[in-house]
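Report on the following structure.
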Protein chains: 2
Amino acid sequence: MDMEEGTSDSPGHRCDTDPDPWQWDRREDCEVRQILDRIADKWSLLVIALLQGRTLRFTELKRQIDGISQRMLTSTLRQLERDGLIERTVHPVVPPRVDYALTPLGSTLHSTVQALVTWTELNQNEIAAARARYDSAATSRA
Amino acid sequence: MDMEEGTSDSPGHRCDTDPDPWQWDRREDCEVRQILDRIADKWSLLVIALLQGRTLRFTELKRQIDGISQRMLTSTLRQLERDGLIERTVHPVVPPRVDYALTPLGSTLHSTVQALVTWTELNQNEIAAARARYDSAATSRA
DNA sequence: CAGGATCCTGAGGGATACTG
DNA sequence: CAGTATCCCTCAGGATCCTG
């Protein structure tokens, strides 16, 4: 399979020695950057959101997430499991049944992410307006 | 140029009619998803972080952000400007001088994002431990 | 200095077929 | 049902060269 392998990570805790608070992560190999990239990817947030407060099986997740391929769902679930954000439970029955649920760690992430989603919801009109302004200005220039 | 064009967005406010609170964004074309994807991309967060509380010029940003190409810096800045998160000021001098600063909207985003960064910093050890467990289990299985 | 225009690669990710 | 294994293709994004 072509599933990504465990990138050799953790070069350090803080990313550089600059004391300025806005200097957290200029380096590409920064650990925080890596984690951020992972949870902010195309599907992870969706999965975490859907698992909030309940357990779902593979097919249920697939049905809930519009447009995901089973390849990517599998991959996403494996990553999240590896990071300790979700728990995978295989029931030894036939046909197989596999349940996914958030770990406590995953739950704390959800509430944090929720703040970002709320920000987006609150400000999407303002952003849309800014885009409209920008685009019309660009169009009139052309 | 190959800079991305204004994707025809805004299909609706909430993403679907499901009343469940964890159902915000199953659809791919969801407006919240779009905004989230944009601000969570490889470089946007870095730029916003660096502009917190100060103004920087193009070259200063490029120097601060390790590994970014000028192509991507330009692209990122344009996106953020279009979304109304940063302001671009061209000084009519020679050689040209262009300053970038956060708008008020951009500032509010920064504090929200900071919560996510803080979460990551707080939990990176736990995540690293989870990965180590997962990887060693996978290795022993092979 | 700030960025536009091109070329090109590689990883992300879809579609499909197969299996325990 | 819950995956795995392949093939294949798009496109984000780096490298490079060029201008006002």
Side-chain angles (χ1 to χ4, degrees), chain A residues 1-7 28-29 33-34 37-47 50-51 55-82 86-101 138 141-142, chain B residues 1-5 7 28-29 33-34 37-47 51 55-82 86-101 138 141-142:
Chain A
M1 59 172 165
D2 70 352
M3 300 277 144
E4 307 75 38
E5 248 330 285
T7 51
E28 282 195 76
D29 56 344
R33 282 289 304 282
Q34 286 183 26
D37 283 352
R38 177 125 328 152
I39 64 185
D41 77 0
K42 197 175 180 184
W43 304 113
S44 295
L45 289 179
L46 279 299
V47 171
L50 286 170
L51 289 179
T55 291
L56 290 177
R57 330 177 35 172
F58 186 87
T59 311
E60 290 172 335
L61 280 167
K62 181 152 170 35
R63 208 176 329 125
Q64 297 269 351
I65 302 178
D66 178 79
I68 196 171
S69 64
Q70 127 274 53
R71 184 190 179 316
M72 286 318 295
L73 180 55
T74 302
S75 170
T76 300
L77 290 169
R78 289 291 178 283
Q79 299 291 350
L80 293 174
E81 185 193 4
R82 184 169 108 96
I86 65 173
E87 188 181 16
R88 177 170 179 269
T89 311
V90 182
H91 297 90
V93 297
V94 44
R97 175 192 182 95
V98 181
D99 285 339
Y100 292 93
R141 222 176 300 130
Chain B
M1 59 170 166
D2 72 351
M3 302 273 144
E4 308 74 38
E5 248 330 285
T7 51
E28 281 196 78
D29 56 344
R33 281 291 304 283
Q34 286 183 24
D37 283 352
R38 178 125 328 153
I39 64 184
D41 78 2
K42 197 175 180 185
W43 305 114
S44 295
L45 290 178
L46 278 300
V47 170
L51 289 178
T55 291
L56 291 176
R57 338 181 21 176
F58 187 88
T59 311
E60 290 171 334
L61 279 168
K62 180 152 171 37
R63 208 176 330 124
Q64 297 269 350
I65 303 178
D66 179 79
I68 197 172
S69 64
Q70 148 266 55
R71 184 190 182 307
M72 286 319 295
L73 180 55
T74 302
S75 171
T76 300
L77 290 169
R78 289 291 177 282
Q79 299 290 351
L80 294 174
E81 185 194 3
R82 183 170 109 97
I86 67 173
E87 188 181 16
R88 178 171 179 268
T89 310
V90 183
H91 298 89
V93 297
V94 43
R97 176 193 182 94
V98 180
D99 285 340
Y100 293 92
R141 221 174 301 130

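Letters A, B, ... mirror the listed sequences (proteins, then strands); counts begin at 1.
Within the structure, a side-chain polar atom (N or O) of A:Lys42 is placed less than 4.0 Å from OP1 or OP2 of C:dG14. Considering only side-chain N and O atoms, A:Tyr100 lies under 4.0 angstrom from the phosphate OP1 or OP2 of D:dG3.
In this structure, A:Asp37 atom CG and C:dG13 atom P are separated by 12 Å, rounded to whole Å. In this structure, B:Asp66 atom CG and D:dG14 atom C1' are separated by 14 Å, rounded to whole Å. The separation between A:Arg78 atom CZ and C:dG13 atom C1' is 17 Å, rounded to whole Å. Distance B:Arg97 CZ to C:dC1 P: 12 Å, rounded to the nearest Å. Rounded to whole Å, the distance from CD on B:Gln79 to C1' on D:dG13 is 13 Å. Summarising the geometry, the separation between CG on A:Leu56 and P on D:dG3 is reported as 13 Å, rounded to the nearest angstrom. Computed from coordinates, the A:Leu73 CG to D:dC1 C1' distance equals 13 Å when rounded to whole Å.
Residues B:Leu73 and B:Phe58 share a closest heavy-atom pair of CD2-O, 3.7 Å. The shortest heavy-atom contact between A:Tyr100 and A:Arg78 is OH-NH1, 3.6 Å. When all heavy atoms are compared, the tightest approach of A:Ser44 to A:Ile39 is CB-O, 3.7 Å. Of all the heavy atoms in B:Val98 and B:Arg88, the pair that sits closest is CG1-CG, 3.8 Å.
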Seminar exercise, completed: Its dot-bracket string being built from Watson-Crick and G-U pairs below 3.5 Å, with | for another strand and [ ] for crossing, DNA chain C has the pattern ||||||||||||||||||||

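Closest to the side chain of B:Pro95, out of D:dG14, C:dC1, D:dT4, is C:dC1. Nearest nucleotide to the side chain of A:Thr74, out of C:dC1, D:dG3, D:dG13: D:dG3. Nearest nucleotide to the A:Arg88 side chain, out of C:dG14, C:dC1, D:dG3: D:dG3.
With sequence neighbours left out, the salt bridge (Lys or Arg N to Asp or Glu O under 4.0 Å) criterion links A:Arg97 to A:Asp99. In this structure B:Val94 satisfies the side-chain contact (heavy atoms from CB on, under 4.5 Å) test with no other residue, sequence neighbours excluded.
By the 6.0 Å contact criterion, CD on B:Glu87 is open, its count of non-hydrogen atoms from other residues, nucleotides or ligands being 12 or less.
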Provide a list of protein-nucleic acid N or O atom pairs under 3.5 angstrom, restricted to nucleotides 16-20 of chain C.
unit_1: C:dA17; atom_1: N6; unit_2: A:Gln70; atom_2: NE2; d: 3.2

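Between the side chain of A:Thr74 and the main chain of A:Gln70, a donor-acceptor pair closer than 3.5 Å is present.
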